[in-house]
S.K.: 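Questions regarding the structure given below will be posed in turn.
All chains are named by letter (A, B, ...) in the order of the sequence lines, taking the proteins before the strands, and each is independently numbered beginning at 1. Only heavy atoms go into these numbers, but all of them, side chains included; no hydrogens, no water, no symmetry mates.
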Amino acid sequence: MNSVHDSKDCLWKPKVLVFACNWCAYIGNDLAGLERLSMDPGFRVIRVQCASRVEGDWIIRALASGIDGIMVMGCHLGGCRHQEANHHTLKRLNLLRTLLECMGIDPRRLYLGWGMGTDAKTFRQLIHTFMEELRPLRPLGADPPPSQKES
Amino acid sequence: MKGSSRLGLFICRCGKGISNVVDTSELASRAAGVPGVAFCEEHPSLCLKEGLEYLRETIGRGDMDKVIIAACTPRTHEGIFLPVISSAGIDWRMVEMVDIREGCAWIHAEDPRAATQKAWNLLRMGIARAQLLEPFRDAVLRIHPVALVVGGGPVGMKAAMAISQKGFSVHLIDRGRELGGLLRRISRIYPTNEEASMMLSNLKQGVEGDPNIEVRLSTRIHALHGYVGNFTVCLIGPKGEERLRVGAIILATGAQIFYPKGLYRYGELPNVITQLELERAFKEGRTKDAEDVVFIQCVGSRDTERPYCSAICCPITLKNALLLRKGNPSGTVFVLYRDIMAPGIDLENRYQEAKDFGVRFLRYDPSRPPSIKGEARARGVLVYDVAMGREVGLSADLVVLSTPLVPSKDNKEMVRMLRMRGGPNGFFADRSLMEAGRSVLDGIYTCGSARWPASIYEGMIQAEAVSARAASLFGRARIRTDELGMVPGSGILHAFVNEEACYGCGTCVKTCPYEACTLQQMKDRGISRVDKTRCKGCGSCVAACPSGAIQQVGFTDGQILPMIQAAF
């Protein structure tokens, strides 16, 4: 039975990939380090110059590589160093979320944050909260496809 | 390229800051076995003098063509390592920094096993990208140390003098027949109440007597080409067409006031006037005729069409209301306001002084605006007093409307000629919240009300600020395009086009915030070309490109996808 109370599930920790823009969340990452906050080691950060560089291909590749959740963190809307570049990303990735849903992938696996995580505690909280939200979703492929599910 | 990399990997223990948690010797021994890694060593402290020397010497030996530094965060230490590595002969774009300190050892101290695993993953990610790093050819720009100031008002004149003081030549142009801009039409300036004509003559003397400043009146810009350090400006003036070559352009073209036709019967009644018309009345000594004056604030501003506060109207009203009261104690002065904006000490004092001198302030509700009574002339104003909760009738022989500054008619044309994005409400935009006065294009600066409604003093401070920027640009004879970055010491990772893969859809052209991409007509189709003087390396064109033809240095899909696969 695919029950949440399965003992194996309790040990399962999601793997998270974070794309953090240089001017916002990447600073939070550094500050978390400076403040020696204790964080779950289940995430990896790729620094980008602007969240607008992040594209759908990367997210799909991450999911295909066994990564459970992806966070894209850019600057707040209206505060992008490159004017409205992050707006383009917001539109593009929201569209991707819809496509993920059509493919049968839970769209909650993609998190978009704008102007958040610039300070240590918020950064930690965002990562940890996302990991918590991923836990009930379990690894991709862990559940059988819908047609085989018991009614 | 892939197989031929000779990666040099330096792992820092950071005293014990990293090695306390992350097993750096395990990392070193595992990394040495990775294909492409030609050199791999730990070091106790790379950023100290001795460490930097070690880096320089080791890299200088020539055994490696790319460098990976696994240490602290690149955000703080890129600026320390990159120049040293560069001096040892390796281009900064062939360097990868992996953060195993702030992003690893310092946040996973309670689980050294997991921290070491993460550090290993991060190292693998760094190696994956580093193997694919490629050199990039920058353009070198020669900086012509001459400035053009567009606009000969007080702000433009101040900018020209500030640049001249730093020892550089300036061309100052104005479309009018005289220098001075709006300053010529003002009587007194707040907060000092000094006479505008005095300030004007001082400024003119400063400009006209300055051998570094060349003034051209009745002149406007006809066309503009080029880039930072090397702009070609085509002027049209009384002597016909002329071309100038300048290194920086300061836009001090000011603004115009909004004439509120149709509001409060302006244009219909002769004694309903704007503040500018009141200034003229002051200059011509005609204000003594007015007994009862009513000012109405926020006319045509803070509404749906012009949703901003124009900053200078309340201070101007306070100045003028006080002058009227002092000049004519027997009359009345009412100020009908939505909010009184009087920031700072001087303006707050002026507000109190106005109240002490009998200027009456009455708040109105924008949904129930005042109405002007009278037939051939305005006789009175009917207004719903918000505080009292009822309508009051005020006697008036002069109604003064405070209207906002709006962009000058030239702004749209300037924006088009410069090929840059316009700013909010048609004023010029700053390139970011933190960079006032710098437009999105390098070498183009804005100040005064052309940029955003500002008082004369505020505008002049901005003029000095942007002049300092222009002067510091001129201090360099040459600049490489990767140096035009946001942060000193942090280079630009440009976008570049694979011309064979590009089919000229133009998506990058539309996406780029700096208008850096253009389609060049080649053989059978348009092909995108990236202007290195404009590209700021954000990468949004790369993400938008449907064919993957345009890529970003250091962030190509080919580099990032292996990183993603190596993450866990």
Side-chain angles (χ1 to χ4, degrees), chain A residues 13 15-17 19-23 26-27 29-68 70 75 78-89 92-93 120 123-124, chain B residues 72-76 97 99 101-111 113-118 121-122 125 129 421 429 431-435 440 486-487 490 492-493 510-514 536-545 548 552 554-555 557 560-568:
Chain A
K13 295 199 140 195
K15 296 186 211 153
V16 170
L17 181 61
F19 291 103
C21 110
N22 196 32
W23 314 101
Y26 195 75
I27 297 178
N29 192 12
D30 282 354
L31 292 177
L34 281 172
E35 289 183 36
R36 308 295 200 278
L37 298 184
S38 178
M39 290 187 71
D40 188 309
F43 72 100
R44 308 285 181 264
V45 177
I46 293 182
R47 172 201 191 206
V48 286
Q49 290 302 315
C50 179
S52 64
R53 176 66 191 92
V54 179
E55 52 182 287
D57 255 10
W58 295 4
I59 291 155
I60 302 291
R61 180 66 62 102
L63 291 167
S65 304
I67 292 171
D68 303 298
I70 297 101
C75 292
C80 178
R81 287 199 82 102
H82 304 285
Q83 290 82 62
E84 75 283 0
N86 57 356
H87 284 79
H88 294 308
T89 313
R92 196 182 305 126
L93 295 182
F123 181 79
R124 176 177 67 169
Chain B
C72 44
T73 173
R75 257 189 70 248
T76 52
M97 271 194 75
D99 173 16
R101 190 179 76 170
E102 280 89 335
C104 192
W106 282 2
I107 52 175
H108 306 310
E110 280 153 28
D111 192 346
R113 198 62 246 138
T116 305
Q117 177 60 39
K118 177 167 171 173
N121 289 140
L122 293 173
M125 289 162 78
R129 171 157 52 188
R421 303 284 166 107
R431 63 168 55 174
S432 82
L433 296 173
M434 292 155 284
E435 294 179 272
V440 292
M486 303 290 195
V487 177
S490 175
I492 297 186
L493 295 159
K510 278 188 287 215
T511 311
C512 179
Y514 304 95
K536 294 289 168 225
C538 66
S540 44
C541 57
V542 185
C545 175
Q552 180 182 12
F555 288 91
D557 290 323
I560 300 292
L561 294 172
M563 281 180 91
I564 294 173
Q565 288 185 282
F568 286 94

S.K.: Please round to the nearest 0.5 Å and tell me the distance separating atom CZ of A/Arg36 and atom CD of B/Glu102.
M.R.: 8.0 Å
S.K.: Just verifying a value: how many Å separate A/Leu31 CG and B/Arg75 CZ, rounded to the nearest 0.5 Å?
M.R.: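 One gets 6.5 Å once the value is rounded to the nearest 0.5 Å.
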S.K.: Please find the pair of heavy atoms, one from A/Asn29 and one from B/Gly103, that lie closest to each other, and give the distance.
M.R.: OD1-CA, 4.0 Å
S.K.: First locate atom CD1 of B/Ile107, then atom CZ of A/Phe43, and finally report the distance between them rounded to the nearest 0.5 Å.
M.R.: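 Output value for this atom pair is 3.5 Å.
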S.K.: Side chain from CB out, backbone as N, CA, C, O: work out which of these in B/Ala544 comes under 4.5 Å of a heavy atom of chain A, or both, or neither.
M.R.: both
S.K.: Would a distance-only check, ignoring hydrogens and angles, find a side-chain to backbone donor-acceptor pair under 3.5 Å from A/Arg61 to B/Ile564?
M.R.: no
S.K.: Given the options B/Pro74, B/Cys104, B/Cys538, which has more heavy-atom pairs under 4.5 Å with chain A than any of the others?
M.R.: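 Of the options given, most contacts go to B/Cys538.
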S.K.: Side chains of A/Glu35 and B/Trp106: does their closest heavy-atom pair fall under 4.5 Å?
M.R.: no
S.K.: Less than 4.5 Å to any heavy atom of chain B: does that hold for the side chain of A/Arg47, its backbone, both, or neither?
M.R.: both
S.K.: Taking side chain as everything from C-beta outward and backbone as N, CA, C, O, which of these in A/Val54 sits under 4.5 Å from a heavy atom of chain B? Side chain, backbone, both or neither.
M.R.: backbone
S.K.: Measuring from atom CD1 of A/Ile27 to atom OG1 of B/Thr76, what distance do you get when rounded to the nearest 0.5 angstrom?
M.R.: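 Between A/Ile27 CD1 and B/Thr76 OG1, I get 11.0 Å after rounding to 0.5 Å.
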S.K.: Using heavy-atom distances under 4.5 Å, tell me whether A/Leu37 contacts chain B through its side chain, its backbone, both, or neither.
M.R.: backbone
S.K.: Side chain of A/Gln83, backbone of B/Arg431: donor and acceptor closer than 3.5 Å?
M.R.: yes
S.K.: Let me know if A/Ser52 has heavy atoms under 4.5 Å from chain B in its side chain, its backbone, both or neither.
M.R.: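 Contact with chain B is through both the backbone and side chain of A/Ser52.
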S.K.: Do you know which of A/Gln49, A/Glu84, A/Arg124, A/Arg44 has the most heavy-atom pairs with chain B at a distance under 4.5 angstrom?
M.R.: A/Arg44
S.K.: Could you look at B/Asp99 and say if it's the side chain, the backbone, both or neither that has a heavy atom under 4.5 Å from chain A?
M.R.: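 Side chain only.
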S.K.: Tell me, side chain or backbone of A/Phe19 under 4.5 Å from chain B's heavy atoms, or both, or neither?
M.R.: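 Contact with chain B is through the side chain of A/Phe19 alone.
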S.K.: Evaluate the side-chain proximity of A/Cys50 to B/Phe555: yes if any heavy-atom separation is below 4.5 Å, no if none is.
M.R.: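 When only atoms from C-beta onward are counted, A/Cys50 and B/Phe555 do not touch, as no gap falls below 4.5 Å.
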S.K.: Out of curiosity, B/Thr511 OG1 to A/His88 NE2, how far, rounded to the nearest 0.5 Å?
M.R.: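 One gets 5.5 Å once the value is rounded to the nearest 0.5 Å.
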S.K.: Given heavy-atom pairs under 4.5 angstrom as the criterion, report whether the side chain, backbone, both or neither of B/Arg101 touches chain A.
M.R.: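 It is neither, since no heavy atom gets under 4.5 Å.
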S.K.: Under 4.5 Å, counting heavy-atom pairs only, tell me which of A/Arg92, A/Lys15, A/Arg53, A/Glu55 racks up the most with chain B.
M.R.: A/Arg53
S.K.: So which of A/Thr89, A/Val45, A/Val16, A/Asp57 has the biggest tally of heavy-atom pairs under 4.5 Å with chain B?
M.R.: A/Val16
S.K.: So for B/Gln565, is it side chain, backbone, both, or neither that comes closer than 4.5 Å to the heavy atoms of chain A?
M.R.: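 Interface part for B/Gln565: both.
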S.K.: Relative to chain A, which segment of B/Ala109 carries a heavy atom at a distance below 4.5 Å: side chain, backbone, both, or neither?
M.R.: neither
S.K.: Is chain B contacted by the side chain of A/Asn86, its backbone, both, or neither, given a heavy-atom distance below 4.5 Å?
M.R.: neither
S.K.: When rounded to the nearest 0.5 angstrom, what is the spacing between CZ in A/Arg81 and CD in B/Glu435?
M.R.: 5.0 Å
